Every structure is written in C-alpha cells, then in structure tokens.
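Heads up: the structure comes next, in structure tokens.
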Amino acid sequence: MLHLDLDAFFASVEQLTRPTLAGRAVLVGGLGPRSVVAGASYQARVHGAHSAMPMSRARRLVPAAVVLPPRLAVYRVLSERVFDVVRRIDGAMEQISIDEAFVEPSGLFGAGPDEVLESAERLRADIRASTGLTASVGAGSGKQLAKIASTMAKPDGIKVVPQGTEKDLLAPLPVRKLWGVGPVAETTLRRAGVDTIGKFAALTLPEVTALIGNAIGTELHGLAQGVDHRPVAQRGEAKQVSAETTFDADLSDVEAVRRAVAEMAAHAHRRLVASGRAARTVTVKIRGADFATKSRSATTPTASTNLATLAATARRLTDGALPDSGVRLIGVSLSGLTDFVQPPLFEDGTEEADEANARSAEPAEPPGPVDHQVPERAWRAGDDVRHTEHGHGWVQGSGHGRVTVRFETRNTGPGQARTLAVDDPALTRADPLASLD
DNA sequence: TCTGGGGTCCTTAACCCA
DNA sequence: TCTGTGGGTTAAGGACCC
C-alpha cells in the first residue's frame, strides 16, 4: 500500500505559478491579525514556521517570508491533475485530502521492496512531469505505516518499509507520530510514562483504552501489534457542509452577531444547493472571547433546501448560545444530508411542500453580497492581476497610491516587478487560474 | 505565542419506544 | 401497572486530521 503526499502543497503551488518565489521562504495563510499558517515552504520551515502556527508568530520567525493568502481554486485544479495521474494506476485509490491519497496498485500485490520502490519512483516522476509538483511516497503493509513512511520520506523522497521490519521502524518513534494521537492523547500517554511507540506497543488493550478511549485505543493497540487491515476505498460524499468565520476583533453587538450568522447560513446553504443535497440538522457554533465554544443544534423531521427556513433555525439557535463576553467566531453547519430529488411538479403531497417551497424560493435569492456602489477594494498582496501591456501578474504590495506587481506565470520564468499607480486603467483583476499557463 | 476553516469520528447523556 | 433492558435518535462537546 502506498501513501502519497504532495510536498508543502500550498506553498509549492505558489512557487510554481509565481517563479520568483522558487527557493524562497513562503507562508500561505490569512492576512488578518488572527490568521494561522496554512502552508509553509521548506525555506520557511527551516526557521521553525509550520502549518497551524499563528501567522503573527511565523512572520516573526521568518521576517523575510513572502506572505500570501490561499488560492484554493488554483490548488484544486492542480490537485485534480495530480490525482488524475494517480488514477491511471490499476487498483484502489482513496483520496483523503486535497494533497494526500492512499493507493493500492494491483500490480504490487506480493511485490518485493525493489519493485515497490521502482513503481513509486515512476509515479513521482509522472506527477512531476505532468504538474511540476513533487510528491513523497511511503509504502508499507497498512495505512498507518504507509502514512508514517511518507512523512519520513519528505521532502521529495520515497520510504519503503519492507515486510517484517515494521516494529523496528516504529518502536523508537514518538507516540505522537501515530495517526490519531494528538496533543491531548500525547500528554495523557506521557504522564503514564509512554513516550515512544515501542512503549505504547507493550501496553495491554485495557491499559490503552483506559488511557485514550475505546475506539481510538482499540485501533492503535491493534496497529502497534502490526494489525492494520483498513481497506483502501473511495470516499463518499461529504456528510456535512459548514461555514465559519473568526472576526478580527470580537463582536459585542447582538445584531452584528445575528447578521454574521445569517451570512454564514447563506454561505453554507449555497454549497448545500450546489451539492444537490438537503439538510435536516442545523448547528450554530459560537466561540466567545475566552475561546470557549458552544454549539446548539436542531433537527427537523424533513430535510430542507430552503434558505429562509434554515437561516431562521440558525437565528433561533444563536439566541440560546450567546456568551456574556464578546463573540470571536460564528459558524453554521448543515448536516443530516440527503440527496435532494427535485419533486415532481404537480404533486400536492404535504411531504413535498417544504421542498417545493424551496424550489420556488431559490431563484429569488440574492446571488451574494454584490454592491456596485462600493468602491473596489484596494490591491492586496497576492491578488492576481492583468495588465494590458505586461500580461498576467501578482501584487507584491501596495501603498501610497502605488502598487507593485510582479508580472509572471508558471511558464514565463521569473518576471519583472513594476510599480504602477493603483488606479492605472490598464490594470485589472484576473482569474488566478491564469497563473497556471 | 495565542490559537483558521473545512471536515470526520467518538463519547456521553437524555429521551422515546417496544 | 411497574420494572428492566436495549435500540435508535438527538444534542452537546471534544479530539483529531489536513
């Protein structure tokens, strides 16, 4: 079984489509005061920056880093290209995120380490040739092992764990390397004197489950004994769709909170409809200034696609969960999803009433917060732009009425930076996907 | 140092029902 | 009618993953 993991994916895509950034420290993440790092190039990691770290801290660690907001649309396109290559392999594939997948090539059944190595090397070369991205591959007898191996292979490498060597490989590793052991379980285990996978493997099943819980305990205990029979199988559709936002400063006004809930409901609803599903359960999530998170949910007998219905539920739930202090985060999640079959037109059964309603209500919905009265927002670092003369580029920075743009795309090689007037009529916003050409 | 946004799954408790 | 018992569902909170 193989685990394939793209190296520093978000940052690597930025370096690929903006060639000036190749070899430089890049941090991908929000620009706001409360954002965290979503991706860091290896040149940034050298200084201690990593994913999930508060961006403020990462910037302090790597003052020279270029900080860019994520361009998910670009990452999605490249991810698809990568996994199209992977899918050409005969066998099962399970994509587990935008940049990771398990693969079980039928040709490798019963193969020796050399054959596995060769096959993985070919896969990496194919991915590199067709996308320009590097992937690391781990190979082992089960999911956990393949995953741990790919981590050890990074960056741009391969690690094959031959049959029979599993325990020797795992024993010295910190228990935190196990997929499923996070900060809490790590602390619990450390307090019990268990800091390596070897020591963990020596525990009995009852000891393990008492420490870290039944489900994960049973699974990880089995793994430590070399038992990992989870199949590689394609994932189904999402079971939940949600939208949430953290405010730059806590909200104290109840009306502002309600507006935010309505916005998040609309955002989640948009994606619900796009996925062709209906939801039975609405959950509102509220995080207070003290970081304590409350959730309130309600389930209705029939699923709905109606924004007004879902948003009204969200609003009602909000009022029951407001903290005394300010509000830091608002989220709305829709679950209990069912495929939404468009009801037949002249049916008058009461069951379909809600959905029929939804159908007629949908087109009347505002398409989004579009307001042409509002002046276009200033250029922000990372924006894709197009200039009638210089072509496609990206904004490096702006201020004092000027904007600095680096004109380059994947295929131009490193480009020139030019400083222009912010209101230069030759300069317009551009589709980020154009940076792939 | 001060903690995102999108998810999955697990645990516990309460409740309804057969 | 009372007392278990056990399944299924809902709700709330958390751990964990990328």
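Computed from a prediction, not measured in an experiment: that's the story for all the values here. Atoms considered below: every heavy atom in the structure, side chains included; atoms not considered: hydrogens, waters and symmetry mates.
- The interatomic distance linking A:K239 (NZ) with C:dT10 (P) rounds to 15 Å, in whole Å.
- A:Q240 has no side-chain polar atom (N or O) that falls below the 4.0 Å cut-off from OP1 or OP2 of B:dG6.
- In the set C:dC16, C:dA11, B:dC10, C:dA11 carries the atom at the smallest distance from any side-chain atom of A:S297.
- Among the heavy atoms of the strands, none lies under 4.0 Å from A:L6.
- Using a 4.0 Å cut-off, no side-chain N or O of A:R235 falls inside it from OP1 or OP2 of C:dC17.
- Taking the nucleotide of DNA chain B with the nearest heavy atom to each of A:N214 and A:D290, the more 5' of the two is matched to A:D290.
- In terms of modelled atom types and a separation under 3.5 Å, the side chain of A:R124 and the main chain of A:V137 share no donor-acceptor contact.
- Note on A:R59: nothing from the nucleic acid sits closer than 4.0 angstrom, heavy atoms only.
- Considering all non-hydrogen atoms of both residues, A:A289 and A:D250 come closest at CB-OD2, 3.2 Å.
- For A:E100, the listed nucleotide lying nearest its side chain is C:dC18; candidates were C:dC16, B:dG6, C:dC18.
- Between the P atom of C:dC16 and the CD atom of A:E219 lies a distance of 13 Å, rounded to the nearest Å.
- When the side-chain nitrogen and oxygen atoms of A:S295 are compared with OP1 and OP2 of C:dG13, one or more of them lie within a distance under 4.0 Å.
- Of the candidate nucleotides B:dT8, B:dG6, B:dG5, B:dG6 has the atom nearest to the side chain of A:A243.
- Between A:A73 and A:L433, the shortest heavy-atom distance links the atoms O-CD2, 3.6 Å.
- For the pair A:E237 and A:S56, both in contact range of DNA chain B, the more 5′-proximal nearest nucleotide belongs to A:S56.
- Salt-bridge formation is detected for the pair A:R258/A:D319: a Lys NZ or Arg NE/NH1/NH2 atom is positioned less than 4.0 Å from an Asp or Glu carboxylate oxygen.
- In this structure, of C:dG13, B:dG6, C:dC16, it is C:dG13 that holds the atom nearest to the side chain of A:K294.
- Between the CZ atom of A:R57 and the P atom of B:dG4 there is a distance of 15 Å, given to the nearest Å.
- Atom CD in A:E94 sits about 16 Å away from atom P in C:dC17, given to the nearest Å.
- Atoms CG (A:L211) and C1' (B:dC10) sit 17 Å apart, rounded to a whole Å.
- Between A:D228 and A:K143, no side-chain nitrogen of the basic residue sits less than 4.0 Å from a carboxylate oxygen of the acidic one, so the salt-bridge criterion is not met.
- Look at the C1' atom in both C:dT3 and B:dC17: the space between them is 15 Å, to the nearest Å.
- Comparing atom distances between the A:R271 side chain and each of B:dT8, C:dC18, B:dG7 picks out B:dG7 as nearest.
- The ring of A:F291 lies on top of the base of B:dT3, close enough and flat enough: under 5.5 Å between centres, under 30° between planes.
- Side-chain nitrogen and oxygen atoms of A:R328 include at least one within less than 4.0 Å of the OP1 or OP2 phosphate oxygen of B:dG4.
- Residues A:F102 and A:A146 share a closest heavy-atom pair of CE2-CB, 4.4 Å.
- At least one donor-acceptor pair closer than 3.5 Å links the side chain of A:H269 to the backbone N or O of A:T305.
- Here C:dC16 presents its P atom at 9 Å from CD1 of A:I212, a figure rounded to the nearest Å.
- The nearest whole Å value for the distance from the CZ atom in A:R287 to the C1' atom in C:dG13 is 12 Å.
- A:R296 places its CZ atom 11 Å from the P atom of C:dG14, with the value rounded to the nearest Å.
- Closest to the A:S242 side chain, of the nucleotides B:dC10, C:dC18, B:dG6, is B:dG6.
- Take A:T246 and apply the side chain to side chain donor-acceptor pair (under 3.5 Å) test, not counting sequence neighbours, and it matches no residue.
- Salt bridge status for A:D248 with A:R34: absent, with no side-chain N to carboxylate O gap under 4.0 Å.
- Remark: DNA chain B forms stems of 3 or more consecutive Watson-Crick or G-U wobble pairs, all pair distances under 3.5 Å, at B:5-18 with C:5-18.
- Both the sub-6.0 Å distance and the 45° axial angle are satisfied by A:R287 relative to the ring of A:F291.
- Close to B:dG5, at under 4.0 Å from its OP1 or OP2, lies a side-chain N or O of A:T246.
- Counting non-hydrogen atoms under 4.0 angstrom, A:A185 reaches the backbone sugars and phosphates but no base.
- Taking atom P on both nucleotides, B:dG4 is separated from C:dA15 by 15 Å, rounded to a whole Å.
- No donor-acceptor distance shorter than 3.5 angstrom exists from the side chain of A:Q43 to the backbone of A:V26, with no hydrogens or angles considered.
- Taking a 4.0 Å limit (strictly below) on heavy-atom distances, residues 30-39 of chain A reaches DNA chain B at A:P33, A:R34, A:V36.
- Comparing C:dC16, B:dG5, B:dC9 by their nearest atom to the side chain of A:L329 picks out B:dG5.
- Here A:K285 does not reach the OP1 or OP2 of B:dG5: none of its side-chain N or O atoms lies under 4.0 Å away.
- Proximity of A:T299 to the phosphate of C:dA11: a side-chain N or O atom is located under 4.0 Å from OP1 or OP2.
- Closest contact between the side chain of A:V184 and the listed nucleotides B:dG6, C:dC16, B:dC9 involves C:dC16.
- Note on A:T283: nothing from the nucleic acid sits closer than 4.0 angstrom, heavy atoms only.
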Before you tell me yes or no, could you show the steps for A:S304 and A:T309 under side-chain contact (heavy atoms from CB on, under 4.5 Å), namely the whole-Å CA-CA distance, both residues' side-chain angles and the distance that decides it to 0.1 Å? CA-CA 8 Å; A:S304 172; A:T309 306; 4.0 Å; yes
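- Of the candidate nucleotides B:dG5, B:dG4, B:dT3, B:dT3 has the atom lying nearest to any side-chain atom of A:P54.
- If you check every strand for non-hydrogen atoms under 4.0 Å, A:R280 touches sugar and phosphate atoms only.
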